[in-house]
Engineer: 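Structure in structure tokens, see below.
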Amino acid sequence: MQQNTDLNFDYKYGFSMPQNYTFKAKKGLDREGVIAISKIKNEPKWMTEYRLKAYEIFLQKPMPAWGGNLSKINFDEIYYYIKPTEKQVSSWEDLPKEIKETYDRIGVPEAEKKFLAGVSAQYESEVVYESVNKELDRLGVLFCDMDTALKKHPEIVKEYFGTLIPSSDNKFAALNSAVWSGGSFVYIPKGVKVTLPLQAYFRINAEKFGQFERTLIIAEEGSSVHYIEGCTAPVYTTDSLHSAVVEIFVKKDARVRYTTVQNWSKNVYNLVTKRARADERAIMEWIDCNIGSQLTMKYPSVYLYGEGARGEVLSIAFAGEGQVQDAGAKMIHFAPNTSSRIVSKSISKDGGRTSYRGLVQVMPQADNASVYVSCDALLIDEKSRSDTYPSMKIKNSNVTIQHEATVEKLGDEKLFYLMSRGISKSDAEGILVNGFIQPVAREIPLEYSIELNRLINLEMSGSVG
Amino acid sequence: MLTLKDLSVTIGKKEILKKINFTFEEGKIYAVMGPNGSGKSTLAYSIMGHPGYKANGKSKMTFKGHNILELEANKRAEEGIFLSFQNPLSLAGVRVYQFLQLAMKGKKDAFAIRKEVQKYAKELKISEDLLGRSLNEGASGGEKKKMEVLQAAVLDKSLIIFDEVDTGVDVDSLKTIAKFLESHRKNKTYIIITHYNRILHYLKPDKVLVIADGELKKVGDHTLANEIEKSGYEKIINSQN
């Protein structure tokens with residue numbers, strides 16, 4: 001556990017480097033802008049058309065009327081595409097200095113040395129640094145950025161891209177489909193088990209720049225992989241938009257775990273669509289930690305298509321002053337003997353707001369399905385708020401359902417107990433909050449859970465000054 | 001070591017302790033006895049610095065010559081005070097070792113703490129299993145009390161207040177706890193808050209304080225505890241007036 005003596009917490013990742021871009025698109029979005037993005041990337045025709053169609057859908061779709069206040073997003077004030085360097089580099093030394101410094105501060109190379117199987121770090125729209133472990137190559141694992149995947153493996157991309165989350169899914173999925181750039185592409189061949197986690201870091205470094213990464217993971221029959229996404233962003237005064245789309249295909253007997261530690265700075269709108277499809281006996285696990293951003297709306301979902309498939313969403317949300325974390329999960333049981341488990345832990349502090357918004361749907365054919373939902377909210381003070389919107393649509397009577405929800409306040413007695421042991425108030429709050437999220441945090445790889453632990457302690461100590 | 005002067009304490013608007021005057025001396029054992037609701041636990045919480053227990057303006061509390069009345073609980077702990085809780089809390093997700101390490105503030109390294117914890121746990125007959133869990137999670141009343149005693153030993157403070165360490169504890173455990181306290185009492189001052197004489201058979205108090213209605217009614221030697229056991233509080237308290 002970290003001890004904090006500095007009570008005036010400055011956002012750790014709130015530095016920004018001078019912008020040095022080779023290409024910067026103009027603000028706002030129109031048809032020509034969409035075509036330009038596709039042209040610069042030298043994309044096949046079908047993708048250009050896909051983008052344009054998505055752009056039309058984006059224009060038609062209304063803004064979501066729930067979840068949080070989106071009225072401040074001005075789509076005309078956003079840059080939709082920025083290319084940071086001329087071309088991709090394969091070694092750390094070749095990176096431009098500012099980018100290297102930025103990454104050094106987050107600790108990418110160190111993390112890589114420790115246990116990475118491959119790094120794909122996204123800086124702005126394009127992936128600039130990428131090292132793929134030889135072992136992955138040998139196993140036939142494909143791990144690259146989406147733009148590269150479209151060039152090198154067009155047939156796989158075309159087969160899966162947008163089939164789980166169509167452009168028409170929601171306004172932000174449509175926007176992403178129109179202007180997407182970067183993101184990760186992961187393909188695990190049949191029977192291959194990748195034991196070390198694959199990791200990617202994302203950052204936003206340009207003012208008013210929306211980041212629209214697109215991730216596609218395909219785990220073939222009997223394979224397994226753990227993908228980790230960690231986000232941090234510098235603080236800017238105007239609002240930034242992050243709107244990603246993540247599609248995951250978990251084939252028969254395969255297993256995918258997708259871990260996110262999201263720490264966007266507090267001016268970012270984080271509106272993400274994440275969905276996985278689980279076939280026969282497949283296991284899909286989302287571990288989703290949302291600490292930063294001004295507003296997050298994210299409901300990772302699992303479509304349980306195959307008999308015996310299992311889906312899990314374990315999430316942690318932290319909302320401090322001015323923050324709204326509207327997060328949850330979606331589980332759709334389409335087949336018999338499918339099971340789902342949702343564990344949500346949220347913490348609200350200094351007037352922050354967390355909401356659990358979940359949907360569990362059991363279709364008529366999903367005999368003997370099992371559903372577990374547990375959402376716990378912790379309120380640090382009287383000003384803060386937590387809401388629960390659990391929704392269940394059960395169309396089969398042969399189902400096991402368990403649902404638990406608790407709201408607790410960080411008790412004065414617990415604080416006094418810890419303080420009587422010589423532990424300061426802010427450390428005591430930190431230890432209690434970390435204890436509260438422990439059931440989810442322990443599922444995260446050590447390095448990340450340490451970082452998460454530190455982040456939460458920093459957030460907790462911020463209030464005491 | 002600890003001097004209370006005109007200590008009056010209120011919770012909300014209710015005055016619980018009324019003008020307590022007493023000096024606890026270094027290295028001695030004190031028993032604080034009294035009927036239910038007399039203010040014994042309030043005294044313990046007030047000494048430890050619970051924010052809900054307000055001492056009035058004229059109250060004075062000095063520890064090793066420092067005025068500690070304005071200090072928060074963690075600062076009082078740093079001065080050398082430990083409180084063993086009457087109802088120890090269980091803290092979900094807070095590991096015993098992690099918790100003690102944070103409380104030690106780097107004065108001992110993790111390995112040293114672990115060794116010490118294991119040594120004391122053995123003496124107190126605390127199962128290894130309990131140490132691996134979150135603090136007091138799934139622990140019985142007796143086990144919780146033993147964990148308090150273990151924390152007291154590891155944190156090694158000079159003044160230790162045991163608030164009913166003997167209630168909810170079976171005969172064998174009581175004996176184990178009492179023996180442990182006896183063998184680790186060097187350089188320590190104990191304030192043992194209790195209803196019963198039981199624990200005092202093993203730990204002979206230098207002084208017995210009787211509190212009733214928030215007032216310090218009587219101070220005597222260890223025979224006072226026997227007297228209370230024989231004739232009850234009422235007689236003792238009334239005989240004084």
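Chain letters run A, B, ... following the sequence lines, proteins first and then strands; every chain starts at 1.
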Engineer: Quick one: does Arg421(A)'s side chain have a donor or acceptor within less than 3.5 Å of a partner on Leu83(B)'s backbone?
Structural biologist: yes

Engineer: Give, as side chain, backbone, both or neither, the part of Gln151(B) having an atom under 4.5 angstrom from any heavy atom of chain A.
Structural biologist: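 Side chain only.
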
Engineer: Which one wins on heavy-atom pair count under 4.5 Å against chain A: Leu91(B), Leu155(B), Leu100(B)?
Structural biologist: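 Most heavy-atom pairs under 4.5 Å with chain A: Leu91(B).
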
Engineer: Tell me, side chain or backbone of Phe436(A) under 4.5 Å from chain B's heavy atoms, or both, or neither?
Structural biologist: backbone

Engineer: Report which part of Leu89(B) has an atom under 4.5 Å of a heavy atom belonging to chain A: side chain, backbone, both, or neither.
Structural biologist: both

Engineer: Do you know which two heavy atoms are closest between Ala73(B) and Ser420(A), and how far apart they sit?
Structural biologist: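 Closest heavy-atom pair between Ala73(B) and Ser420(A): CB-N, 4.1 Å.
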
Engineer: Look at Ala152(B), Gly49(B), Pro88(B) and state which one has the largest set of heavy-atom pairs under 4.5 Å with chain A.
Structural biologist: Gly49(B)

Engineer: Do any N or O atoms from the side chain of Lys75(B) and from the backbone of Gly422(A) form a donor-acceptor pair under 3.5 angstrom?
Structural biologist: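 It does not hold such a pair.
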
Engineer: Give me the atom names and distance for the closest heavy-atom approach of Asn74(B) to Ile423(A).
Structural biologist: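 Closest heavy-atom pair between Asn74(B) and Ile423(A): CB-O, 3.2 Å.
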
Engineer: Return the minimal non-hydrogen interatomic distance between Phe99(B) and Ile431(A), and the atom names on each side.
Structural biologist: CA-CD1, 4.2 Å

Engineer: Show the numbers, then the answer: is there a ring pair (Phe, Tyr, Trp, His ring centres under 6.0 Å) between Phe85(B) and Phe416(A)?
Structural biologist: CA-CA 11 Å; Phe85(B) 280 58; Phe416(A) 175 62; 5.7 Å; yes

Engineer: Name the region of Ile81(B), side chain, backbone, both or neither, that has any atom closer than 4.5 Å to a heavy atom of chain A.
Structural biologist: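 Only the backbone of Ile81(B) comes within 4.5 Å of chain A.
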
Engineer: Relative to chain B, which of Gln438(A), Glu413(A), Met419(A) shows the most heavy atom pairs under 4.5 Å?
Structural biologist: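 Top count of heavy-atom pairs under 4.5 Å with chain B: Met419(A).
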
Engineer: Would you indicate whether Lys64(B), at its atom NZ, is surrounded by more than 12 heavy atoms from other residues, nucleotides or ligands within a distance under 6.0 Å?
Structural biologist: yes

